[in-house]
Amino acid sequence: MSDELQAVEERWAEIVRVRDVAAAESFLADDFVLESAGGVSPSAAKADWLATLPLIETRSIVPSDVEARVFGDVAVVRLRLAWEAELAGRDLTGDYAIVDVFTRASDGWHPTWRISTRLTG
């Protein structure tokens, strides 16, 4: 299961890297919320995050140290994210400690909550 969720995290990173709003729209759960310290926004609902995605210039984004626990149709994933990016002149580059909560649907795992804390920079 952890390999499957590693692939999901890599897919999410690629969506961010290429700024694919259509893919993000179908990938994120309807009730998705981002809570971030030192990143994009202290709190952003799905619509806000989708509106911001095209403005984020990502040079590199690499998820690593992915560990997952699955509880039925809910998964909690802890990972580290090395991200080189900029948003409206603001440098987002750094290492982030991430906790993601996913819900499983018939078409796979969908992020419902991301908690992100910038560790460097």
Is there side-chain contact between [X] and [Y], with heavy atoms separated by less than 4.5 Å?
| X | Y | value |
| --- | --- | --- |
| W113 | V99 | no |
| V70 | W109 | yes |
| W83 | I56 | yes |
| W12 | L28 | yes |

Legend entry - Presence of salt bridge, R11 and E14, under 4.0 angstrom: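 Salt bridge between E14 and R11, a charged N being under 4.0 Å from a carboxylate O: no.
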
Legend entry - R114/E9 ion pair, N-O < 4.0 Å: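 A salt bridge is present here (some side-chain N lies under 4.0 Å from a carboxylate O).
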
Which heavy-atom pair separates [X] from [Y] by the least distance, and what is that distance?
| X | Y | answer |
| --- | --- | --- |
| T93 | A85 | OG1-N, 3.2 Å |
| F32 | P111 | CD1-O, 3.6 Å |
| A13 | I61 | O-CG2, 3.4 Å |
| P63 | L79 | CB-CD1, 3.7 Å |
| S43 | E35 | OG-CG, 4.3 Å |

Roughly how far, to the nearest 0.5 Å, is [atom2] of [Y] from [atom1] of [X]?
| X | Y | atom1 | atom2 | answer |
| --- | --- | --- | --- | --- |
| T58 | L53 | OG1 | CG | 8.0 Å |
| D95 | R80 | CG | CZ | 4.5 Å |
| S60 | L81 | OG | CG | 9.0 Å |
| H110 | K46 | NE2 | NZ | 9.0 Å |
| Y96 | I115 | OH | CD1 | 15.5 Å |

Inset, instruction - For side-chain contact (heavy atoms from CB on, under 4.5 Å), just list the numbers for R78 and D65, CA-CA rounded to whole Å, side-chain angles, deciding distance to a tenth of an Å, and then say yes or no. - result: CA-CA 8 Å; R78 182 208 54 84; D65 302 325; 4.3 Å; yes

Legend entry - Side-chain donor or acceptor of R104 paired with backbone N/O of D73 under 3.5 Å: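 Between the backbone of D73 and the side chain of R104 there is no qualifying donor-acceptor contact (under 3.5 Å).
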
Inset, instruction - Test T112 against every option in D31, T103, D30, D100 by the side chain to side chain donor-acceptor pair (under 3.5 Å) rule and name the one that passes. - result: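 Passing option: D31.
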
In the single-linkage hydrophobic clustering (I, L, V, M, F, W, Y; side-chain heavy atoms under 4.5 Å), do [X] and [Y] co-cluster?
| X | Y | answer |
| --- | --- | --- |
| L87 | L50 | yes |
| V101 | F27 | no |
| V66 | V62 | no |

Legend entry - R69, CZ: over 12 other non-hydrogen atoms inside 6.0 angstrom: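 12 or below, so no.
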
